[in-house]
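The structure presented is a predicted model; accordingly, all values stated were derived computationally and were not measured.
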Amino acid sequence: MNNTQPMRALITGITGQDGSYLTELLLEKGYEVHGLVRRSSTFNTDRIDHLYVDPHTPGARLKLHFADLTDASRLVTLIDTIQPHEVYNLAAQSHVRVSFDEPEYTGDTTGLGTIRLLEAIRAAGSDARFYQASSSEMFGATPPPQNEETPFYPRSPYGAAKVYSYWITKNYREAYGVFASNGILFNHESPRRGDTFVTRKITRAVARIAAGQQSELFMGNLDAVRDWGYAPEYVEAMWRMLQHDEPDDFVVATGTSYTVRDFLELSFGHVGLDYRDYVRFDERYLRPTEVDALIGDFGKAQDRLGWTPKVLTPRLAQIMVEADQAALEVEGSRYVDAVQTA
Ligand code: NAP
Ligand code: F7E
(Lines give C-alpha, C1' and ligand atoms only; values in the text may rest on other atoms or scores of the structure.)
(Ligands and ions follow the chains in the order given, each with its own letter.)
Protein backbone atom coordinates (compact mmCIF):
# COMPACT_ATOMS: atom_id res chain seq x y z
CA MET A 1 0.00 0.00 0.00
CA ASN A 2 1.11 3.57 -0.77
CA ASN A 3 1.99 5.15 2.60
CA THR A 4 0.46 8.51 1.69
CA GLN A 5 -2.97 6.92 1.12
CA PRO A 6 -5.14 6.15 4.15
CA MET A 7 -6.51 2.65 4.65
CA ARG A 8 -10.00 2.42 3.14
CA ALA A 9 -12.76 0.38 4.78
CA LEU A 10 -16.25 -0.36 3.50
CA ILE A 11 -18.87 -1.05 6.18
CA THR A 12 -22.28 -2.52 5.39
CA GLY A 13 -24.70 -1.86 8.26
CA ILE A 14 -22.90 1.39 9.14
CA THR A 15 -26.16 2.89 10.48
CA GLY A 16 -26.58 0.06 13.02
CA GLN A 17 -25.24 -0.25 16.55
CA ASP A 18 -21.97 -1.97 15.63
CA GLY A 19 -21.47 -0.01 12.41
CA SER A 20 -21.49 3.26 14.33
CA TYR A 21 -18.90 2.11 16.90
CA LEU A 22 -16.71 0.53 14.22
CA THR A 23 -16.79 3.78 12.23
CA GLU A 24 -15.61 5.70 15.30
CA LEU A 25 -12.79 3.21 15.83
CA LEU A 26 -11.60 3.24 12.21
CA LEU A 27 -11.76 7.05 11.90
CA GLU A 28 -9.65 7.28 15.09
CA LYS A 29 -7.14 4.95 13.45
CA GLY A 30 -6.90 7.23 10.39
CA TYR A 31 -9.00 5.17 7.97
CA GLU A 32 -11.16 6.55 5.20
CA VAL A 33 -14.53 4.95 5.96
CA HIS A 34 -17.16 4.22 3.34
CA GLY A 35 -20.61 3.21 4.54
CA LEU A 36 -23.54 1.65 2.78
CA VAL A 37 -26.83 3.37 3.66
CA ARG A 38 -30.33 2.23 2.72
CA ARG A 39 -32.55 4.79 1.08
CA SER A 40 -35.38 5.53 3.45
CA SER A 41 -38.20 8.08 3.48
CA THR A 42 -37.04 9.20 6.92
CA PHE A 43 -33.47 9.69 8.15
CA ASN A 44 -31.84 6.47 9.37
CA THR A 45 -28.41 7.87 10.23
CA ASP A 46 -29.00 8.92 13.88
CA ARG A 47 -26.18 6.75 15.19
CA ILE A 48 -23.54 8.24 12.89
CA ASP A 49 -24.74 11.84 12.54
CA HIS A 50 -22.14 12.99 15.09
CA LEU A 51 -19.37 11.64 12.82
CA TYR A 52 -20.59 13.10 9.56
CA VAL A 53 -18.85 16.03 7.88
CA ASP A 54 -19.91 17.54 4.59
CA PRO A 55 -18.08 15.60 1.85
CA HIS A 56 -16.95 18.93 0.32
CA THR A 57 -14.91 19.64 3.45
CA PRO A 58 -11.22 18.99 2.72
CA GLY A 59 -10.04 15.88 4.57
CA ALA A 60 -13.55 14.45 5.12
CA ARG A 61 -12.96 10.75 5.74
CA LEU A 62 -16.51 9.40 6.17
CA LYS A 63 -18.33 8.78 2.90
CA LEU A 64 -21.85 7.38 2.62
CA HIS A 65 -23.30 5.56 -0.39
CA PHE A 66 -26.88 4.49 -1.04
CA ALA A 67 -27.02 0.71 -1.55
CA ASP A 68 -28.76 -2.43 -0.34
CA LEU A 69 -27.52 -5.96 0.25
CA THR A 70 -30.32 -7.23 -2.00
CA ASP A 71 -28.90 -5.27 -4.99
CA ALA A 72 -25.93 -7.25 -6.34
CA SER A 73 -24.93 -4.98 -9.23
CA ARG A 74 -24.73 -1.99 -6.92
CA LEU A 75 -22.35 -3.91 -4.65
CA VAL A 76 -20.03 -4.67 -7.59
CA THR A 77 -20.01 -0.99 -8.60
CA LEU A 78 -19.21 0.11 -5.06
CA ILE A 79 -16.34 -2.35 -4.52
CA ASP A 80 -14.96 -1.44 -7.94
CA THR A 81 -15.02 2.32 -7.34
CA ILE A 82 -14.03 2.40 -3.65
CA GLN A 83 -11.32 -0.31 -3.89
CA PRO A 84 -11.45 -0.94 -0.13
CA HIS A 85 -8.64 -2.64 1.77
CA GLU A 86 -11.12 -4.03 4.30
CA VAL A 87 -14.84 -4.89 4.03
CA TYR A 88 -16.92 -5.37 7.18
CA ASN A 89 -20.25 -7.06 6.45
CA LEU A 90 -22.43 -5.98 9.38
CA ALA A 91 -25.73 -5.47 7.51
CA ALA A 92 -28.54 -7.87 8.33
CA GLN A 93 -32.16 -8.21 9.35
CA SER A 94 -30.80 -8.85 12.84
CA HIS A 95 -33.90 -9.38 15.00
CA VAL A 96 -34.50 -13.05 15.86
CA ARG A 97 -38.23 -12.69 16.69
CA VAL A 98 -38.85 -10.70 13.49
CA SER A 99 -37.11 -13.41 11.46
CA PHE A 100 -40.04 -15.73 12.25
CA ASP A 101 -42.42 -13.13 10.77
CA GLU A 102 -40.20 -12.35 7.76
CA PRO A 103 -38.25 -15.55 7.10
CA GLU A 104 -37.79 -15.07 3.36
CA TYR A 105 -36.60 -11.47 3.65
CA THR A 106 -34.27 -12.48 6.48
CA GLY A 107 -32.80 -15.24 4.30
CA ASP A 108 -32.35 -12.80 1.43
CA THR A 109 -30.54 -10.15 3.48
CA THR A 110 -28.85 -12.02 6.32
CA GLY A 111 -27.97 -15.06 4.19
CA LEU A 112 -27.80 -14.26 0.48
CA GLY A 113 -26.58 -10.71 1.11
CA THR A 114 -23.25 -12.19 2.14
CA ILE A 115 -22.75 -14.15 -1.08
CA ARG A 116 -23.66 -11.06 -3.11
CA LEU A 117 -20.95 -9.10 -1.33
CA LEU A 118 -18.34 -11.87 -1.63
CA GLU A 119 -19.15 -12.24 -5.33
CA ALA A 120 -18.82 -8.47 -5.77
CA ILE A 121 -15.33 -8.68 -4.24
CA ARG A 122 -14.45 -11.50 -6.63
CA ALA A 123 -16.01 -9.84 -9.68
CA ALA A 124 -14.14 -6.60 -9.00
CA GLY A 125 -10.85 -8.51 -8.64
CA SER A 126 -10.47 -6.99 -5.17
CA ASP A 127 -8.02 -8.36 -2.61
CA ALA A 128 -9.90 -6.71 0.28
CA ARG A 129 -9.93 -8.48 3.63
CA PHE A 130 -13.47 -9.51 4.56
CA TYR A 131 -15.15 -9.65 7.98
CA GLN A 132 -18.45 -11.54 8.37
CA ALA A 133 -20.71 -10.72 11.34
CA SER A 134 -21.48 -14.25 12.43
CA SER A 135 -23.51 -14.90 15.55
CA SER A 136 -23.82 -17.07 18.64
CA GLU A 137 -27.40 -17.69 17.42
CA MET A 138 -25.81 -20.29 15.10
CA PHE A 139 -25.19 -22.51 18.17
CA GLY A 140 -28.88 -22.34 19.06
CA ALA A 141 -29.84 -25.55 20.86
CA THR A 142 -26.27 -26.79 21.48
CA PRO A 143 -25.61 -26.35 25.20
CA PRO A 144 -22.93 -23.98 26.56
CA PRO A 145 -20.11 -23.25 26.83
CA GLN A 146 -19.79 -22.65 23.08
CA ASN A 147 -16.50 -22.17 21.21
CA GLU A 148 -15.22 -22.32 17.62
CA GLU A 149 -15.53 -26.15 17.58
CA THR A 150 -19.12 -26.30 18.89
CA PRO A 151 -21.64 -27.73 16.36
CA PHE A 152 -24.28 -25.37 15.02
CA TYR A 153 -28.00 -26.00 15.70
CA PRO A 154 -29.86 -22.82 14.72
CA ARG A 155 -33.32 -22.26 16.16
CA SER A 156 -34.64 -19.45 13.95
CA PRO A 157 -34.67 -18.27 10.33
CA TYR A 158 -32.11 -15.67 11.47
CA GLY A 159 -29.81 -18.33 12.95
CA ALA A 160 -30.13 -20.51 9.84
CA ALA A 161 -29.31 -17.56 7.55
CA LYS A 162 -26.23 -16.76 9.65
CA VAL A 163 -25.07 -20.39 9.38
CA TYR A 164 -25.23 -20.07 5.58
CA SER A 165 -23.22 -16.85 5.70
CA TYR A 166 -20.65 -18.43 8.03
CA TRP A 167 -20.04 -21.36 5.69
CA ILE A 168 -19.97 -19.31 2.49
CA THR A 169 -17.39 -17.02 4.09
CA LYS A 170 -15.27 -20.05 4.96
CA ASN A 171 -15.80 -21.47 1.48
CA TYR A 172 -14.54 -18.29 -0.24
CA ARG A 173 -11.48 -18.42 2.01
CA GLU A 174 -10.75 -22.01 0.95
CA ALA A 175 -11.92 -21.88 -2.68
CA TYR A 176 -10.60 -18.48 -3.79
CA GLY A 177 -8.06 -17.52 -1.13
CA VAL A 178 -10.10 -14.53 0.06
CA PHE A 179 -8.86 -13.23 3.43
CA ALA A 180 -12.29 -13.86 4.96
CA SER A 181 -12.87 -14.19 8.71
CA ASN A 182 -15.94 -14.95 10.81
CA GLY A 183 -16.41 -13.17 14.10
CA ILE A 184 -18.84 -15.33 16.10
CA LEU A 185 -20.09 -12.62 18.41
CA PHE A 186 -22.28 -13.26 21.43
CA ASN A 187 -24.91 -10.67 22.42
CA HIS A 188 -23.40 -7.22 22.76
CA GLU A 189 -25.28 -4.14 23.80
CA SER A 190 -24.88 -0.41 24.40
CA PRO A 191 -26.88 2.80 24.65
CA ARG A 192 -27.13 2.56 20.82
CA ARG A 193 -28.76 -0.89 20.87
CA GLY A 194 -31.98 -1.13 18.84
CA ASP A 195 -35.07 -0.32 20.93
CA THR A 196 -36.68 -3.76 20.60
CA PHE A 197 -33.79 -5.96 21.75
CA VAL A 198 -34.38 -7.11 25.29
CA THR A 199 -31.68 -5.11 27.11
CA ARG A 200 -32.57 -1.78 25.54
CA LYS A 201 -36.29 -2.46 25.86
CA ILE A 202 -35.68 -2.93 29.59
CA THR A 203 -33.36 0.05 30.15
CA ARG A 204 -35.60 2.46 28.20
CA ALA A 205 -38.59 1.28 30.24
CA VAL A 206 -36.67 1.67 33.50
CA ALA A 207 -35.81 5.28 32.63
CA ARG A 208 -39.42 6.03 31.70
CA ILE A 209 -40.87 4.28 34.76
CA ALA A 210 -38.43 6.10 37.07
CA ALA A 211 -39.55 9.38 35.45
CA GLY A 212 -43.24 8.53 35.93
CA GLN A 213 -43.88 8.22 32.17
CA GLN A 214 -44.71 4.49 32.08
CA SER A 215 -46.22 2.04 34.57
CA GLU A 216 -45.91 -1.43 33.01
CA LEU A 217 -43.45 -3.41 30.90
CA PHE A 218 -44.66 -6.41 28.85
CA MET A 219 -42.08 -9.16 28.37
CA GLY A 220 -41.71 -12.75 27.11
CA ASN A 221 -39.40 -15.53 28.38
CA LEU A 222 -37.47 -14.32 31.42
CA ASP A 223 -35.52 -17.58 31.85
CA ALA A 224 -33.33 -17.32 28.74
CA VAL A 225 -29.61 -17.15 29.58
CA ARG A 226 -27.36 -14.78 27.65
CA ASP A 227 -23.73 -13.67 27.67
CA TRP A 228 -24.09 -9.88 27.31
CA GLY A 229 -20.99 -7.78 26.50
CA TYR A 230 -20.34 -4.15 25.58
CA ALA A 231 -20.52 -3.30 21.85
CA PRO A 232 -17.61 -0.76 21.66
CA GLU A 233 -15.25 -3.48 22.91
CA TYR A 234 -16.57 -6.02 20.39
CA VAL A 235 -15.87 -3.84 17.32
CA GLU A 236 -12.22 -3.71 18.44
CA ALA A 237 -12.18 -7.52 18.13
CA MET A 238 -13.57 -7.26 14.56
CA TRP A 239 -10.72 -4.94 13.56
CA ARG A 240 -8.11 -7.18 15.21
CA MET A 241 -9.38 -10.16 13.18
CA LEU A 242 -8.59 -8.35 9.95
CA GLN A 243 -5.11 -7.33 11.18
CA HIS A 244 -4.26 -10.94 12.12
CA ASP A 245 -1.67 -12.71 9.94
CA GLU A 246 -4.22 -15.20 8.60
CA PRO A 247 -8.00 -15.41 8.16
CA ASP A 248 -9.75 -17.46 10.84
CA ASP A 249 -12.93 -17.77 12.93
CA PHE A 250 -13.17 -16.37 16.46
CA VAL A 251 -15.71 -16.43 19.28
CA VAL A 252 -16.10 -13.05 21.01
CA ALA A 253 -17.90 -13.16 24.36
CA THR A 254 -17.48 -12.44 28.07
CA GLY A 255 -17.83 -16.03 29.31
CA THR A 256 -20.39 -14.91 31.92
CA SER A 257 -24.11 -15.69 32.03
CA TYR A 258 -27.23 -13.93 33.24
CA THR A 259 -30.93 -14.58 32.69
CA VAL A 260 -33.30 -11.96 31.29
CA ARG A 261 -34.74 -11.86 34.82
CA ASP A 262 -31.26 -11.02 36.19
CA PHE A 263 -31.00 -8.15 33.69
CA LEU A 264 -34.38 -6.85 34.84
CA GLU A 265 -33.27 -7.03 38.47
CA LEU A 266 -29.98 -5.24 37.74
CA SER A 267 -31.61 -2.48 35.66
CA PHE A 268 -34.56 -1.74 37.94
CA GLY A 269 -32.19 -2.04 40.90
CA HIS A 270 -30.12 0.89 39.58
CA VAL A 271 -33.06 3.22 40.14
CA GLY A 272 -34.12 1.61 43.43
CA LEU A 273 -37.16 -0.22 42.02
CA ASP A 274 -38.30 -3.88 42.13
CA TYR A 275 -38.98 -5.19 38.59
CA ARG A 276 -41.76 -7.48 39.92
CA ASP A 277 -43.93 -4.42 40.54
CA TYR A 278 -43.89 -3.46 36.84
CA VAL A 279 -43.19 -6.45 34.58
CA ARG A 280 -46.12 -8.29 32.97
CA PHE A 281 -46.16 -11.29 30.63
CA ASP A 282 -47.23 -11.10 26.98
CA GLU A 283 -46.98 -14.25 24.87
CA ARG A 284 -46.39 -12.21 21.70
CA TYR A 285 -42.76 -11.86 22.80
CA LEU A 286 -42.21 -15.64 22.89
CA ARG A 287 -40.47 -17.30 19.93
CA PRO A 288 -41.73 -20.52 18.24
CA THR A 289 -38.34 -22.02 19.11
CA GLU A 290 -36.15 -20.42 21.78
CA VAL A 291 -32.40 -20.42 22.32
CA ASP A 292 -32.19 -21.30 26.00
CA ALA A 293 -28.59 -20.60 26.88
CA LEU A 294 -25.58 -18.94 25.24
CA ILE A 295 -22.27 -18.61 27.11
CA GLY A 296 -19.13 -18.08 25.03
CA ASP A 297 -15.59 -19.34 25.47
CA PHE A 298 -13.41 -16.52 24.07
CA GLY A 299 -10.06 -18.25 24.79
CA LYS A 300 -8.95 -18.30 21.14
CA ALA A 301 -9.58 -14.55 20.66
CA GLN A 302 -7.69 -13.89 23.90
CA ASP A 303 -4.70 -16.03 22.88
CA ARG A 304 -4.37 -15.02 19.23
CA LEU A 305 -5.83 -11.51 19.10
CA GLY A 306 -4.98 -10.35 22.63
CA TRP A 307 -8.64 -9.41 23.12
CA THR A 308 -10.43 -9.51 26.49
CA PRO A 309 -13.75 -8.02 27.61
CA LYS A 310 -13.75 -5.42 30.37
CA VAL A 311 -17.39 -4.38 30.81
CA LEU A 312 -19.52 -7.20 32.19
CA THR A 313 -23.32 -7.38 32.44
CA PRO A 314 -23.93 -5.53 35.75
CA ARG A 315 -21.86 -2.54 34.60
CA LEU A 316 -23.46 -2.73 31.13
CA ALA A 317 -26.93 -2.47 32.65
CA GLN A 318 -25.81 0.58 34.63
CA ILE A 319 -24.30 2.26 31.54
CA MET A 320 -27.49 1.68 29.56
CA VAL A 321 -29.91 2.81 32.28
CA GLU A 322 -27.91 6.00 32.88
CA ALA A 323 -27.76 6.73 29.14
CA ASP A 324 -31.52 6.22 28.77
CA GLN A 325 -32.19 8.49 31.73
CA ALA A 326 -29.96 11.16 30.14
CA ALA A 327 -31.68 10.70 26.75
CA LEU A 328 -35.08 11.31 28.36
CA GLU A 329 -33.83 14.67 29.55
CA VAL A 330 -32.67 15.69 26.07
CA GLU A 331 -35.90 16.26 24.21
CA GLY A 332 -36.22 14.11 21.10
CA SER A 333 -32.95 12.30 21.69
CA ARG A 334 -32.82 8.53 21.17
CA TYR A 335 -29.18 7.89 22.00
CA VAL A 336 -27.06 9.62 24.60
CA ASP A 337 -23.76 8.00 25.45
CA ALA A 338 -23.91 9.23 29.02
CA VAL A 339 -21.17 6.92 30.20
CA GLN A 340 -18.82 5.71 27.51
CA THR A 341 -16.10 3.96 29.42
CA ALA A 342 -15.98 1.30 32.08
P1 NAP B 1 -28.41 -3.56 13.84
O2 NAP B 1 -28.25 -2.46 14.83
O3 NAP B 1 -29.74 -4.21 13.67
O4 NAP B 1 -27.92 -2.98 12.43
C5 NAP B 1 -28.18 -3.68 11.23
C6 NAP B 1 -27.68 -2.84 10.07
O7 NAP B 1 -27.96 -3.54 8.84
C8 NAP B 1 -28.36 -1.46 9.94
O9 NAP B 1 -27.40 -0.54 9.50
C10 NAP B 1 -29.40 -1.73 8.85
O11 NAP B 1 -29.78 -0.56 8.15
C12 NAP B 1 -28.60 -2.64 7.95
N13 NAP B 1 -29.43 -3.40 6.99
C14 NAP B 1 -30.50 -4.17 7.26
N15 NAP B 1 -30.98 -4.72 6.11
C16 NAP B 1 -30.18 -4.26 5.11
C17 NAP B 1 -30.16 -4.43 3.70
N18 NAP B 1 -31.06 -5.21 3.08
N19 NAP B 1 -29.20 -3.81 2.99
C20 NAP B 1 -28.30 -3.03 3.60
N21 NAP B 1 -28.27 -2.79 4.93
C22 NAP B 1 -29.21 -3.40 5.67
O23 NAP B 1 -27.36 -4.74 14.15
P24 NAP B 1 -26.06 -4.73 15.10
O25 NAP B 1 -26.48 -5.08 16.47
O26 NAP B 1 -25.26 -3.51 14.83
O27 NAP B 1 -25.31 -6.02 14.54
C28 NAP B 1 -24.41 -5.93 13.44
C29 NAP B 1 -24.29 -7.28 12.77
O30 NAP B 1 -23.81 -8.23 13.72
C31 NAP B 1 -25.59 -7.86 12.23
O32 NAP B 1 -25.28 -8.60 11.09
C33 NAP B 1 -26.06 -8.79 13.33
O34 NAP B 1 -26.88 -9.79 12.80
C35 NAP B 1 -24.74 -9.32 13.82
N36 NAP B 1 -24.68 -9.73 15.22
C37 NAP B 1 -25.12 -8.89 16.20
C38 NAP B 1 -25.01 -9.27 17.53
C39 NAP B 1 -25.44 -8.36 18.64
O40 NAP B 1 -25.59 -8.85 19.77
N41 NAP B 1 -25.61 -7.06 18.39
C42 NAP B 1 -24.41 -10.51 17.85
C43 NAP B 1 -23.95 -11.31 16.81
C44 NAP B 1 -24.07 -10.91 15.51
P45 NAP B 1 -30.97 0.41 8.71
O46 NAP B 1 -30.32 1.27 9.77
O47 NAP B 1 -31.36 1.16 7.50
O48 NAP B 1 -32.03 -0.48 9.26
O1 F7E C 1 -33.49 -11.50 23.08
C2 F7E C 1 -35.82 -12.91 25.53
C3 F7E C 1 -35.79 -13.55 24.17
O4 F7E C 1 -34.01 -10.03 21.13
C5 F7E C 1 -32.73 -12.02 24.13
C6 F7E C 1 -29.45 -10.22 18.24
O7 F7E C 1 -28.51 -9.18 18.31
O8 F7E C 1 -28.23 -11.54 19.83
C9 F7E C 1 -29.50 -10.96 19.56
O10 F7E C 1 -30.50 -11.97 19.51
C11 F7E C 1 -33.59 -12.98 24.94
C12 F7E C 1 -34.34 -14.01 24.12
O13 F7E C 1 -31.67 -10.97 21.45
C14 F7E C 1 -38.35 -10.32 25.48
O15 F7E C 1 -36.75 -14.60 24.06
C16 F7E C 1 -37.85 -11.99 26.74
O17 F7E C 1 -34.21 -15.26 24.73
O18 F7E C 1 -32.44 -9.20 22.91
P19 F7E C 1 -32.94 -10.32 22.12
P20 F7E C 1 -31.35 -12.40 20.81
O21 F7E C 1 -32.57 -13.07 20.33
O22 F7E C 1 -30.48 -13.14 21.77
C23 F7E C 1 -27.76 -12.49 18.85
C24 F7E C 1 -26.39 -12.96 19.29
C25 F7E C 1 -27.83 -11.96 17.48
O26 F7E C 1 -27.01 -12.31 16.63
C27 F7E C 1 -29.04 -11.17 17.11
O28 F7E C 1 -28.79 -10.37 15.95
O29 F7E C 1 -34.58 -12.22 25.62
N30 F7E C 1 -36.93 -11.96 25.73
N31 F7E C 1 -38.72 -11.00 26.60
C32 F7E C 1 -37.22 -10.93 24.93
N33 F7E C 1 -36.61 -10.48 23.83
C34 F7E C 1 -37.12 -9.37 23.23
N35 F7E C 1 -36.51 -8.86 22.12
N36 F7E C 1 -38.25 -8.74 23.72
C37 F7E C 1 -38.90 -9.17 24.84
O38 F7E C 1 -39.89 -8.61 25.28
Between [Y] and [X], is there a side-chain heavy-atom distance shorter than 4.5 Å?
| X | Y | value |
| --- | --- | --- |
| Glu236 | Leu25 | yes |
| Leu217 | Leu264 | yes |
| Phe130 | Ile121 | yes |
| Val271 | Gln325 | yes |
| Lys29 | Met7 | no |
| Val33 | Ile14 | yes |
| Leu51 | Glu24 | yes |
| Gln213 | Leu328 | yes |

Pair Lys201-Asp195, salt bridge (charged side-chain N to carboxylate O under 4.0 Å, His left out): steps then yes or no: CA-CA 6 Å; Lys201 178 173 168 177; Asp195 299 341; over 6 Å; no
What distance do [X] atom [atom1] and [Y] atom [atom2] have between them, rounded to the nearest 0.5 Å?
| X | Y | atom1 | atom2 | result |
| --- | --- | --- | --- | --- |
| Leu10 | Tyr131 | CG | OH | 15.0 Å |
| Lys162 | Ser135 | NZ | OG | 6.5 Å |
| Ser190 | Tyr21 | OG | OH | 3.5 Å |
| Glu104 | Thr109 | CD | OG1 | 10.5 Å |
| His34 | Tyr88 | NE2 | OH | 13.5 Å |
| Thr256 | Asp227 | OG1 | CG | 5.0 Å |

Distance-minimising heavy-atom pair for Asn187 and Ser136: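 That closest heavy-atom pairing would be OD1-OG, 4.0 Å.
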Salt bridge (charged side-chain N to carboxylate O under 4.0 Å, His left out) partners of residues 129-146, not counting sequence neighbours, each pair once: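 Sorted result for residues 129-146: Glu137-Arg226.
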Can you hop from [X] to [Y] via hydrophobic side chains spaced under 4.5 Å?
| X | Y | result |
| --- | --- | --- |
| Leu117 | Val76 | no |
| Val163 | Leu69 | no |
| Val260 | Leu316 | yes |
| Ile202 | Val279 | yes |
| Val178 | Leu112 | yes |

Salt-bridge test for [X] and [Y]: reply yes if a basic N is under 4.0 Å from a carboxylate O, no otherwise.
| X | Y | answer |
| --- | --- | --- |
| Arg173 | Asp249 | yes |
| Glu119 | Arg122 | yes |
| Arg208 | Glu329 | no |

Distance flag, aromatic centroids of [Y] and [X], threshold under 6.0 Å:
| X | Y | answer |
| --- | --- | --- |
| His85 | Tyr31 | no |
| Trp307 | Tyr234 | yes |
| Tyr258 | Trp228 | no |

Is the number of heavy atoms from other residues, nucleotides or ligands within 6.0 Å of [atom1] ([X]) greater than 12?
| X | atom1 | answer |
| --- | --- | --- |
| Tyr52 | OH | yes |
| Arg280 | CZ | yes |
| Glu149 | CD | no |
| Gln243 | CD | yes |

Between [X] (side chain only) and [Y] (backbone N and O only), is there a donor and an acceptor less than 3.5 Å apart?
| X | Y | value |
| --- | --- | --- |
| His188 | Phe186 | yes |
| Thr142 | Pro151 | yes |
| Arg8 | Gln83 | yes |
| Gln146 | Ile295 | yes |
| Thr57 | Val53 | no |
| Thr81 | Leu78 | yes |
| Ser165 | Gly111 | yes |
| Glu290 | Asp292 | no |
| Asp324 | Ala207 | no |
| Asn182 | Ile184 | no |

side-chain contact (heavy atoms from CB on, under 4.5 Å) evaluation trace for Met238 with Val252: CA-CA 9 Å; Met238 296 176 186; Val252 177; over 6 Å; no
Parallel, tilted or perpendicular: ring planes of Phe152 versus Phe139, cut at 30 and 60 degrees: tilted
Short side-chain donor-acceptor distance under 3.5 Å, Arg193 and Thr199: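 Absent: no donor and acceptor within the cut-off.
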Side-chain donor-acceptor pair present, Thr45, Asp49, cut-off under 3.5 Å: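 Indeed, the side chains of Thr45 and Asp49 share at least one donor-acceptor pair under 3.5 Å.
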Verdict with reasoning, Arg315 to Gln318, per side-chain hydrogen bond (donor to acceptor under 3.5 Å, both in side chains): CA-CA 5 Å; Arg315 175 76 177 125; Gln318 183 187 1; 3.2 Å; yes
Ring pair (Phe, Tyr, Trp, His ring centres under 6.0 Å): pairs with one or both residues in residues 276-295, sequence neighbours excluded: Phe268-Tyr278
Criterion side-chain contact (heavy atoms from CB on, under 4.5 Å) on Phe66 and Arg38, from CA distance to verdict: CA-CA 6 Å; Phe66 283 117; Arg38 292 198 288 177; over 6 Å; no
Asp223 and Thr259: CA distance, side-chain angles, deciding distance, side-chain hydrogen bond (donor to acceptor under 3.5 Å, both in side chains) verdict: CA-CA 6 Å; Asp223 296 322; Thr259 60; over 6 Å; no
side-chain hydrogen bond (donor to acceptor under 3.5 Å, both in side chains) between Asp80 and Thr77, intermediate numbers included: CA-CA 5 Å; Asp80 199 36; Thr77 306; over 6 Å; no
side-chain hydrogen bond (donor to acceptor under 3.5 Å, both in side chains) between Gln93 and Thr106, worked out: CA-CA 6 Å; Gln93 190 303 91; Thr106 302; 3.1 Å; yes
Result of checking Asp68, Thr70, Asp71 against Arg116 for side-chain contact (heavy atoms from CB on, under 4.5 Å): Thr70
Candidate list Phe197, Phe100, Tyr105, test ring-ring contact (aromatic ring centres under 6.0 Å, His included), partner His95, passing option: Phe197
